[in-house]
Chemist: 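Pasting a structure here, questions to come.
Naming: A, B, ... by sequence-line order, numbering from 1 per chain.
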There are 2 protein chains.
Amino acid sequence: MSMTHTHSRFNSTLTSQCQNCSLSALCLPIALADEDINRLDQIIERKKPLKKGEFLFRQGEAFDSVYAVRSGTLKTFNITSFGEEQITGFYCPSELVGLSGIDSNTYPVSAKALETTTVCEIPFSHLEELSSQIPSLKHQLFKVMSRKISDDQQMMVLLGKKNADEKVASFLLNLSNRFKKRGYSASSFRLSMSRGEIGNYLGLAVETVSRVITRFQKSELIHVDGKEIEIVDFPEMQKLVGVASDCGKISHI
Amino acid sequence: MSMTHTHSRFNSTLTSQCQNCSLSALCLPIALADEDINRLDQIIERKKPLKKGEFLFRQGEAFDSVYAVRSGTLKTFNITSFGEEQITGFYCPSELVGLSGIDSNTYPVSAKALETTTVCEIPFSHLEELSSQIPSLKHQLFKVMSRKISDDQQMMVLLGKKNADEKVASFLLNLSNRFKKRGYSASSFRLSMSRGEIGNYLGLAVETVSRVITRFQKSELIHVDGKEIEIVDFPEMQKLVGVASDCGKISHI
DNA sequence: GGTCTTTTCTGACGCAGATCAATAATTATC
DNA sequence: GATAATTATTGATCTGCGTCAGAAAAGACC
């Protein structure tokens, strides 16, 4: 299946797709000219869906593309020298996966689907080339990477300084923010990851995650039904996380 | 003091400076043409030294430059909503500080000198512009940012999964690697940060850092004299960190 | 050189969260 | 839809590391 074929087949929906997908972060904020949007669209390859548990790429494989999540969720993780999995991130629709592979030309993590997931593949060499011709695209790329760096640093603060309650609250509010940003409900959503995966990510035991969630439920901070989460008391949750008056900046995981 | 003046004053030493400083990471691996090196040099401003405790920039200030450390050490940190300092990184000579400011056009962290420190200021707009003209420079920039992302993710693993011994061992070996990479001794170096700062960074109490270091000393893994550290038993230290056969990749903090 | 301040070290103690264990609830498989 | 496998919950116990406290050492400042 050639790229142009792929492109033409999806062409009619591309513009609307890009509105709230991968490229919203990459191009929309900078109002690319129509012509530029087209050029960007042309290098993007829509891939067939990944089923739950399938790999998008594996740690150690040659890096050649970054991927934008269109629907579903991915986790990235690496395997420590003791053979345990360490999750380094969850990726929701519109987010870019794989940026950490640029440096070594090899993915330093594996990426796996947590549910049925579709992605757009963006061959990095093409993207880089195109970014030379479209300065605002290049700038957006720098911004996306810079944002990732500061988000990861917030995550380091979380892991280093926060207790179990604060970690879980931060995690839930962070997800809430990410859903909200792309037009979904901020208060009510479904966790695509297991309690075990949350614990792994937050540096907590499964049992602790489960206990904290139960406790939050009992204190009427949230309402839980399996993987369905409803955040009931935002102010109290934010107090837990330590959000000052400026809610925006701090709660990024 | 104009930029060109600054430039001409230091001109004779520039090439050799760049060999093992900031730009080694940025340009040397890609063998820029002489002409390109010159163009890069021209946008770089050597700043006068910072004394211990002075700020390079503060959280919230407008972002306009990234900085390459020439000598000395910096720490970056942010102030949590509870008023405590959280250190997010230490920066040794040749490393770039400030990349996390690109996204929001504001530094999300403060940077402070741990000792007398000199830096090269690289106005980001100039760098970005120049990177359009020199593709290999742009690629290096992407690489540096990508590397930062994967390093930070290793740090997340450390904070989330490792115990006190493993954290301190990782920290020391990471410093060792960084010194080695720029031609200093890998086994013997001076810590420019206090035990408190190490603990803050690693998510440990000062007392714990002190105890671990004492214990390492007693077990003949390292030799300590105040801030002077000598790593005596590399194999055993690496075993602690969980380095497999491939030492290179894992021990980046 | 002497005083003051900060940093480092060491011990005693307590607690948050890990681990172990067993049951209950979901989800996957045929 | 029955059975197996995975995931979630809950309780009991244990422990690594934080906290508190005090002394020693190292720097800073006049």
Side-chain angles (χ1 to χ4, degrees), chain A residues 51-54 73 75 82 84-87 112-116 158-172 190-219 222-229 240, chain B residues 51-54 75 80 82 84-87 112-116 158-172 190-219 222-229 240:
Chain A
K51 284 197 289 266
K52 178 175 176 168
E54 286 182 340
T73 323
K75 67 174 172 184
F82 306 114
E84 22 163 27
E85 173 176 320
Q86 166 66 44
I87 297 174
K112 199 181 215 179
L114 294 181
E115 56 192 324
T116 303
L158 178 143
L159 288 169
K161 286 267 176 304
K162 298 191 175 179
N163 64 26
D165 284 12
E166 293 165 347
K167 284 180 178 180
V168 174
S170 299
F171 179 73
L172 293 176
R190 166 167 240 280
L191 298 174
S192 47
M193 64 294 287
S194 70
R195 304 286 194 266
E197 285 165 330
I198 295 173
N200 182 304
Y201 180 59
L202 296 178
L204 296 173
V206 206
E207 296 93 327
T208 305
V209 175
S210 182
R211 275 186 259 264
V212 170
I213 288 180
T214 304
R215 192 146 17 90
F216 281 180
Q217 157 112 285
K218 279 183 184 149
S219 337
I222 63 179
H223 187 263
V224 189
D225 176 21
K227 309 215 149 191
E228 295 293 336
I229 297 282
L240 258 178
Chain B
K51 284 197 289 266
K52 178 173 177 171
E54 286 182 340
K75 66 173 172 185
T80 71
F82 306 114
E84 22 162 26
E85 172 177 321
Q86 166 65 44
I87 298 174
K112 199 181 214 179
L114 294 181
E115 57 192 323
T116 303
L158 178 144
L159 288 169
K161 285 270 176 303
K162 298 191 176 182
N163 65 25
D165 283 12
E166 293 164 347
K167 284 180 179 180
V168 174
S170 298
F171 178 72
L172 294 177
R190 167 168 240 280
L191 299 174
S192 46
M193 64 293 288
S194 70
R195 306 285 195 265
E197 285 165 329
I198 296 173
N200 182 302
Y201 180 59
L202 296 178
L204 295 172
V206 204
E207 297 93 326
T208 305
V209 174
S210 182
R211 275 187 260 264
V212 171
I213 288 181
T214 303
R215 192 147 15 91
F216 281 1
Q217 157 112 286
K218 280 184 184 149
S219 338
I222 63 179
H223 187 264
V224 189
D225 176 21
K227 308 215 151 191
E228 295 294 336
I229 297 283
L240 259 177

Chemist: Let me know the distance between NZ of A:Lys227 and C1' of D:dA8, rounded to the nearest Å.
Modeler: 10 Å

Chemist: Is it the case that B:Thr80 and A:Lys161 place a side-chain donor and acceptor less than 3.5 Å from each other?
Modeler: no

Chemist: Could you state the CD-C1' distance from A:Glu228 to C:dA25, rounded to the nearest angstrom?
Modeler: 16 Å

Chemist: Tell me what A:Gly53 touches on the nucleic acid: a base, only sugar-phosphate, or nothing, going by heavy atoms under 4.0 Å.
Modeler: nothing

Chemist: Identify whether any heavy atom of B:Ala164 sits under 4.0 Å from a base atom; if not, whether one sits that close to sugar-phosphate; answer base, sugar-phosphate or nothing.
Modeler: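 It contacts sugar-phosphate atoms only.
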
Chemist: Calculate the interatomic distance between B:Asn163 atom CG and D:dG18 atom P; express it in whole Å.
Modeler: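 In whole Å, D:dG18 P and B:Asn163 CG are 11 Å from each other.
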
Chemist: Looking at every heavy atom in both B:Arg215 and B:Asp165, which two are closest together, and how far apart are they?
Modeler: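 Here B:Arg215 and B:Asp165 meet closest at NH1-OD1, 2.9 Å.
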
Chemist: For a quick test of reading the model: is some side-chain N or O of B:Arg211 closer than 4.0 Å to OP1 or OP2 of C:dT10?
Modeler: no

Chemist: To the nearest Å, how far apart are A:Lys51 NZ and C:dT27 C1'?
Modeler: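 Taking atom C1' of C:dT27 as the reference, NZ of A:Lys51 is at 17 Å.
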
Chemist: Taking atom C1' of D:dT6 as reference, at what distance in whole Å does atom CD of A:Glu197 sit?
Modeler: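 The distance from CD of A:Glu197 to C1' of D:dT6 comes to 12 Å, rounded to the nearest Å.
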
Chemist: Can you tell me how far C1' of C:dT10 sits from CZ of B:Arg215, to the nearest Å?
Modeler: 13 Å

Chemist: With a 4.0 Å cut-off on heavy atoms, is A:Leu204 in touch with a base, just the backbone sugar-phosphate, or nothing at all?
Modeler: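 It contacts sugar-phosphate atoms only.
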
Chemist: I'd like to know if the side chain of B:Gln217 and the backbone of B:Val224 have a donor-acceptor N/O pair within less than 3.5 Å.
Modeler: yes

Chemist: Return whichever of A:Val206 or B:Thr208 has its heavy-atom-nearest nucleotide of DNA chain C closer to the 5' end.
Modeler: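 Of the two residues, B:Thr208 wins.
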
Chemist: Evaluate A:Glu228 against A:Arg190 for salt bridge (Lys or Arg N to Asp or Glu O under 4.0 Å), listing each step before the verdict.
Modeler: CA-CA 4 Å; A:Glu228 295 293 336; A:Arg190 166 167 240 280; 3.3 Å; yes

Chemist: Scan B:Gly199 against the nucleic acid and name what it touches under 4.0 Å (heavy atoms): base, sugar-phosphate only, or nothing.
Modeler: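 Touches nothing.
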
Chemist: Please classify the nucleic acid contact of A:Gly196 as base, sugar-phosphate, or nothing, using heavy-atom distances under 4.0 Å.
Modeler: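 Answer is sugar-phosphate: A:Gly196 comes under 4.0 Å of backbone atoms only.
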
Chemist: OP1 or OP2 of D:dT9 sitting under 4.0 Å from any side-chain N/O of A:Thr214?
Modeler: no

Chemist: Could you state the CD-P distance from B:Glu166 to D:dG16, rounded to the nearest angstrom?
Modeler: 12 Å

Chemist: Answer with yes or no whether B:Glu207 presents, from its side chain, a donor or acceptor under 3.5 Å of a partner atom in the base of D:dC20.
Modeler: yes

Chemist: OP1 or OP2 of D:dT6 sitting under 4.0 Å from any side-chain N/O of A:Ser194?
Modeler: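 Answer no for this pair, as no side-chain N or O of A:Ser194 is under 4.0 Å from OP1 or OP2.
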
Chemist: In whole angstrom, what separates A:Ile229's CD1 from D:dA8's P?
Modeler: 11 Å

Chemist: Distance check: side-chain N/O of A:Ser210 vs OP1/OP2 of D:dA8, anything under 4.0 Å?
Modeler: no

Chemist: Using salt bridge (Lys or Arg N to Asp or Glu O under 4.0 Å) as the criterion, point out the one residue from A:Lys112, A:Lys227, A:Lys75 that pairs with A:Glu197.
Modeler: A:Lys75

